[in-house]
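Shown next, in structure tokens, is the structure this report addresses.
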There are 2 protein chains.
Amino acid sequence: MSDSTRDRIINVADALFYQKGFEHTSFSDIANSVGISKGNFYHHFKTKDEILNAVIDFRLFRTRELLNAWHTSEAEPDKRIQCFIKILITNRAKIKLYGCPVGTLTTELGKLSHPLLVDANKIFTLFKDWLASQFEELGKCKSESEALAMQLLARSQGSATIASAFGDEEFLYEEVESHVRWLNEIK
Amino acid sequence: MSDSTRDRIINVADALFYQKGFEHTSFSDIANSVGISKGNFYHHFKTKDEILNAVIDFRLFRTRELLNAWHTSEAEPDKRIQCFIKILITNRAKIKLYGCPVGTLTTELGKLSHPLLVDANKIFTLFKDWLASQFEELGKCKSESEALAMQLLARSQGSATIASAFGDEEFLYEEVESHVRWLNEIK
DNA sequence: GTCTATATAGAGATAGAC
DNA sequence: GTCTATCTCTATATAGAC
């Protein structure tokens with residue numbers, strides 16, 4: 001991502017939407033954080049939904065990059081799945097404070113009946129399909145792979161929410177250990 | 001709960017906070033839904049935080065009642081834990097639409113850095129402590145009971161979030177089945 | 001206890017100068 | 001591309017009549 005004003009806005013909005021939520025983040029918040037005026041802001045994005053749309057696209061892009069990185073760094077499908085499991089530890093500090101960025105955004109947009117909910121959900125689908133294809137490589141049939149991907153997604157999601165609610169970073173380590181054990185049992 | 005205007009406000013606010021989120025629910029929304037004027041509304045609650053506080057107290061009260069009901073209806077601790085597991089099915093229609101009422105509220109209040117987050121989290125603690133005491137009755141030691149309660153809380157939470165994100169009611173049935181199997185294995 | 005009318009602040013959004 | 005100034009709408013909140 002380059003350093004244009006537009007990209008700096010997207011980066012700041014991405015962080016603020018995660019930390020404060022979409023609705024609770026105002027144009028002023030973003031403009032102040034970027035260090036530009038509100039008027040300038042509107043030169044780059046005409047509506048709040050436009051910036052949300054850009055943030056979702058950015059997150060989709062980063063997610064694809066992350067999945068590709070895991071795919072190239074690990075040769076075995078079970079090792080790749082472990083990469084997913086361990087993001088709870090990699091991002092533990094932020095998860096403790098703000099929960100899962102994917103789950104909290106889709107939950108909020110759902111309650112707002114926001115038209116871009118559909119696009120935010122694509123981030124979940126990206127993870128789900130990638131996980132399912134790893135389970136298939138492990139030798140599972142298509143329908144079981146899909147089910148296992150959903151299960152793992154749900155487990156990670158729950159771990160993040162509970163760790164955040166109880167402000168418990170240590171819990172994330174226990175959960176990751178438990179998820180890895182689960183993976184070794186089912187594979 | 002009686003039928004006074006105050007109680008009707010709490011009931012409506014409880015539902016709207018769940019469906020639309022706390023911040024996205026306005027006084028007008030509540031007043032309109034109750035069928036009173038905004039002016040009358042302020043006779044009963046002076047600030048938005050006051051009504052949130054009343055809603056949280058109401059939810060704490062209902063949760064205690066629910067746990068007591070499970071306690072009296074089921075003699076065995078594992079059957080009581082199953083009651084908790086199966087609320088995902090009991091409330092499946094609403095969970096699909098709005099997620100878990102406890103998790104989504106605490107997540108939202110966390111992002112708002114809201115002072116009443118502490119009180120909202122007490123609902124989680126109520127479930128956690130009750131589950132832990134059931135695991136103790138099953139013969140688990142104190143620290144393991146606590147850990148198992150947190151695990152089950154996380155699992156249910158994740159199932160709700162993913163079912164809601166994917167609009168998948170059927171997934172809740174699969175998850176409940178999986179949680180019951182887990183309970184039978186560990187007990 | 002309930003209403004109408006109103007005050008005030010902050011949000012999203014625009015116009016136009018530089 | 002960036003700024004200041006301004007508009008409009010809606011949300012929280014208050015005052016005071018009935």
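Protein chains get the first letters and strands the later ones, always in sequence-line order, with residue 1 at the start of each.
- Atom CG of A:Leu52 and atom P of C:dG12 are 12 Å apart (whole Å).
- Distance, A:Lys38 NZ to C:dG16 C1': 16 Å, rounded to whole Å.
- The B:Thr47 side chain lies nearest to D:dA13 when the options are C:dA11, D:dA13, C:dT14.
- No donor-acceptor contact under 3.5 angstrom links the side chains of A:Asn40 and A:Ser37, judged on distance only.
- Closest to the side chain of A:Phe27, out of D:dT12, C:dA13, C:dC3, is C:dA13.
- Applying the 4.0 Å criterion to OP1 and OP2 of C:dT2, one finds that B:His44 has a side-chain N or O inside that range.
- Put simply, CZ on A:Phe41 is 10 Å from P on C:dA13, counting in whole angstrom units.
- Separation of the B:Phe45 and B:Phe27 ring centroids does not fall under the 6.0 Å cut-off.
- When the P atom of C:dT2 is taken as reference, atom CZ of B:Arg8 falls 8 Å away, rounded to whole Å.
- Side-chain N/O atoms of A:His43 include one lying less than 4.0 angstrom from OP1 or OP2 on D:dG1.
- With D:dT2, D:dT12, C:dC3 as the choices, the nucleotide that has an atom nearest any side-chain atom of B:Ser37 turns out to be C:dC3.
- Between B:Tyr173 and the choices B:Glu175, B:Glu170, B:Glu177, the side-chain contact (heavy atoms from CB on, under 4.5 Å) rule is met once, by B:Glu170.
- Not one side-chain nitrogen or oxygen of A:Asn40 sits closer than 4.0 Å to the OP1 or OP2 atom of D:dG1.
- Rounded to whole Å, the distance from CD1 on B:Ile51 to P on D:dT12 is 11 Å.
- One interatomic measurement links the two molecules: CD of A:Glu23 to P of D:dT12, which rounds to 10 Å at whole-angstrom precision.
- Remark on DNA chain C: of its neighbouring residues B:Ile36 and A:His24, the 5'-side contact belongs to B:Ile36, judged by nearest-heavy-atom nucleotide.
- No side-chain donor-acceptor contact under 3.5 Å links A:Asp29 and A:His24.
- For the OP1/OP2 pair of D:dT2 and a distance below 4.0 Å, the side-chain nitrogens and oxygens of A:Thr5 include at least one atom meeting the criterion.
- The backbone N or O of A:Ala163 sits nowhere less than 3.5 Å from a side-chain atom of A:Lys96 that would complete a donor-acceptor pair.
- If you take CD1 of A:Ile30 and P of C:dG12, they are 8 Å apart, rounded to a whole angstrom.
- Computed from coordinates, the B:Phe45 CZ to C:dG1 P distance equals 12 Å when rounded to whole Å.
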